[in-house]
*Asks:* 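Structure incoming, see below.
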2 protein chains.
Amino acid sequence: MAENVADKLARSGIRPSAQRVAIAEHVLVSSLHPSAEQVFASVRLMFPQVSRATVYNTLNLLVEKGLLRSLALSEGNVVFDPKVEAHHHLVDESTGEIHDIPWDDLVVQNVESLKGFDVSEYQVVMRGRSRENPKP
Amino acid sequence: MAENVADKLARSGIRPSAQRVAIAEHVLVSSLHPSAEQVFASVRLMFPQVSRATVYNTLNLLVEKGLLRSLALSEGNVVFDPKVEAHHHLVDESTGEIHDIPWDDLVVQNVESLKGFDVSEYQVVMRGRSRENPKP
DNA sequence: TCTAACATTAGACCTAGTCTAAATTTGTGG
DNA sequence: CCACAAATTTAGACTAGGTCTAATGTTAGA
């Protein structure tokens with residue numbers, strides 16, 4: 001797994017330093033949507049000497065190189081999403097959790113015919129509640 | 001106009017103090033999407049004694065009472081939108097400007113049939129460029 | 001091996017936003 | 001109209017998330 005992540009970084013032109021690999025493993029592997037501070041805290045558990053600046057630098061670098069996307073879906077919460085293919089998002093209003101919704105689960109029409117704009121990307125952002133785990 | 005805004009506040013159960021009216025006029029009237037800090041700066045030009053806390057309190061109150069929506073569409077930029085009916089948004093990648101897109105300009109299907117979730121609201125968030133004013 | 005480029009660090013700094021305690025304003029019952 | 005309680009506003013302290021800087025450590029490759 002470490003090998004995989006290091007290779008992935010290298011293939012994107014990122015020198016796979018120990019710190020970067022540790023950070024990338026935390027954020028590229030899980031399917032959660034962690035914030036920068038959460039990544040910082042997790043990485044610190046294993047590498048207490050890693051600095052905040054390195055975490056932020058690395059996350060921004062991963063975004064820049066297209067290995068990661070940053071999302072600002074709800075107020076003041078910027079989180080990272082390792083799934084870089086087009087997809088939609090649903091924010092659980094009870095828990096704040098962010099769920100990925102596959103692109104083909106929804107159909108969006110007429111984006112291309114919008115007057116006056118060339119749209120380069122889009123997604124549907126939903127707010128709702130999980131039906132399996134309803135809050136009274 | 002001042003009368004209108006004061007009435008609007010009163011009708012929503014908000015006591016229309018001078019400060020609140022001044023703030024509401026800045027944010028409810030324009031069709032721009034100002035940030036809290038921009039509202040604070042504008043209001044200060046006319047009422048230099050207004051405090052930051054009052055601006056934030058009032059904006060939050062307007063959101064709570066449904067006269068205003070807050071949007072977090074791009075990284076770390078929370079802005080306010082006086083258009084409270086359902087609509088979509090397009091962020092201009094050149095300028096950062098946010099454009100309102102009328103609900104009926106787009107068609108979204110299958111939101112209701114999403115497995116496992118009750119969706120209470122949604123919108124399409126687009127990124128693109130204005131065709132009228134292209135950047136070289 | 002040497003060195004220039006690259007990466008990391010600690011901590012200062014910045015910005016957006018919240019909180020607090022005191023002061024001011026306002027609506028209302030008497 | 002007055003007094004007072006409730007609501008509002010204020011200045012500034014405080015917090016969280018994030019960036020920047022200058023010094024230090026690491027690495028690739030001639």
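The sequence lines fix the lettering, A, B, ..., with proteins before strands; numbering per chain opens at 1. Hydrogens, waters and symmetry mates are skipped; everything else that's a heavy atom, side chains included, is used.
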*Asks:* Do the side-chain N and O atoms of Arg127(B) and Ser120(A) include a donor-acceptor pair separated by under 3.5 angstrom?
*Replies:*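 Judged by distance alone, the side chains do not pair up.
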*Asks:* Can you list, pair by pair, the side-chain donor-acceptor contacts under 3.5 Å of residues 102-115 of chain B, counting residues two or more places apart and other chains?
*Replies:*
residue, atom, partner, partner atom, Å
Ser113(B), OG, Asn110(B), O, 3.1

*Asks:* Identify whether the distance between the nearest side-chain nitrogen and carboxylate oxygen of Arg69(B) and Glu121(B) falls below 4.0 Å.
*Replies:*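 Salt bridge present between Arg69(B) and Glu121(B).
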*Asks:* Quickly work out the Lys65(A) NZ to dA7(C) C1' distance and round it to whole Å.
*Replies:*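 Nearest whole value for this atom pair: 14 Å.
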*Asks:* Find the distance Gln19(B):CD to dA23(C):P and express it as a whole number of Å.
*Replies:*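 Those two atoms, CD and P, are 18 Å apart.
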*Asks:* Can you list, by residue number, the residues of residues 44-60 of chain A that have a non-hydrogen atom closer than 4.0 angstrom to DNA chain C?
*Replies:*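 Only Gln49(A), Val50(A), Ser51(A), Ala53(A), Thr54(A) qualify.
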*Asks:* Phe40(B) has an atom CZ; how far is it from atom P of dT18(C), in whole Å?
*Replies:*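 Atom CZ in Phe40(B) sits about 14 Å away from atom P in dT18(C).
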*Asks:* Out of curiosity, does Leu59(B) fall in the hydrophobic cluster containing Val5(B) (side-chain heavy atoms, cut-off under 4.5 Å, transitive links)?
*Replies:*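 Per the 4.5 Å side-chain linkage, Val5(B) and Leu59(B) are co-clustered.
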*Asks:* Distances under 3.5 Å between protein N/O atoms and the N/O atoms of nucleotides 24-26 of chain C, please, pair by pair.
*Replies:*
none

*Asks:* Identify, residue by residue, the members of residues 32-39 of chain A with a heavy atom below 4.0 Å from DNA chain C, and return them in order of residue number, or none.
*Replies:*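 Close to the strand, none.
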*Asks:* Restricting to non-hydrogen atoms, name the atom on Gly128(A) and the atom on Leu90(A) that form the minimum distance, rounded to 0.1 Å.
*Replies:*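 So the two residues come closest at N-CD2, 4.3 Å.
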*Asks:* Verify whether one side chain among Glu75(A) and Ser70(B) offers a donor that lies under 3.5 Å from an acceptor in the other.
*Replies:*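 A pair is found: one side chain offers a donor N or O, the other an acceptor, under 3.5 Å apart.
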*Asks:* Would you call Asp118(A) and Arg129(B) a salt bridge, taking side-chain N to carboxylate O under 4.0 Å as the test?
*Replies:*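 Judged by the 4.0 Å cut-off on N to carboxylate O distance, Asp118(A) and Arg129(B) do not form a salt bridge.
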*Asks:* Going hydrophobic residue to hydrophobic residue with side-chain gaps under 4.5 angstrom, can you get from Phe80(B) over to Val125(B)?
*Replies:*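 No, no single cluster joins them.
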*Asks:* Going 5' to 3' along DNA chain D, which are the first and last nucleotides with any atom under 4.0 Å from a heavy atom of chain A?
*Replies:*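 Contact boundaries, 5' end first: dG17(D) to dT27(D).
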*Asks:* Taking all non-hydrogen atoms of both residues, which atom of Ala36(B) and which atom of Val55(B) are closest, and how far apart?
*Replies:*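 Residues Ala36(B) and Val55(B), closest heavy atoms: O-CG1, 4.1 Å.
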*Asks:* I would like to know whether Leu67(A) and Ile14(A) meet side chain to side chain contact (heavy atoms under 4.5 Å, CB included); could you show each step before the answer?
*Replies:* CA-CA 11 Å; Leu67(A) 295 177; Ile14(A) 300 174; 4.2 Å; yes
*Asks:* Should Met126(B) and Leu73(A) be counted in the same cluster of Ile, Leu, Val, Met, Phe, Trp and Tyr side chains packed under 4.5 Å apart?
*Replies:*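 Per the 4.5 Å side-chain linkage, Met126(B) and Leu73(A) are not co-clustered.
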*Asks:* Going by ring-ring contact (aromatic ring centres under 6.0 Å, His included), name the pairs with one or both residues in residues 24-63 of chain B, residues two or more places apart or in two chains.
*Replies:*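 Sorted result for residues 24-63 of chain B: His33(B)-His89(B).
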*Asks:* Any idea which heavy atoms bring Ala22(A) and Val43(A) closest together, and the distance?
*Replies:*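 Nearest heavy atoms, Ala22(A) then Val43(A): O-CG2, 4.2 Å.
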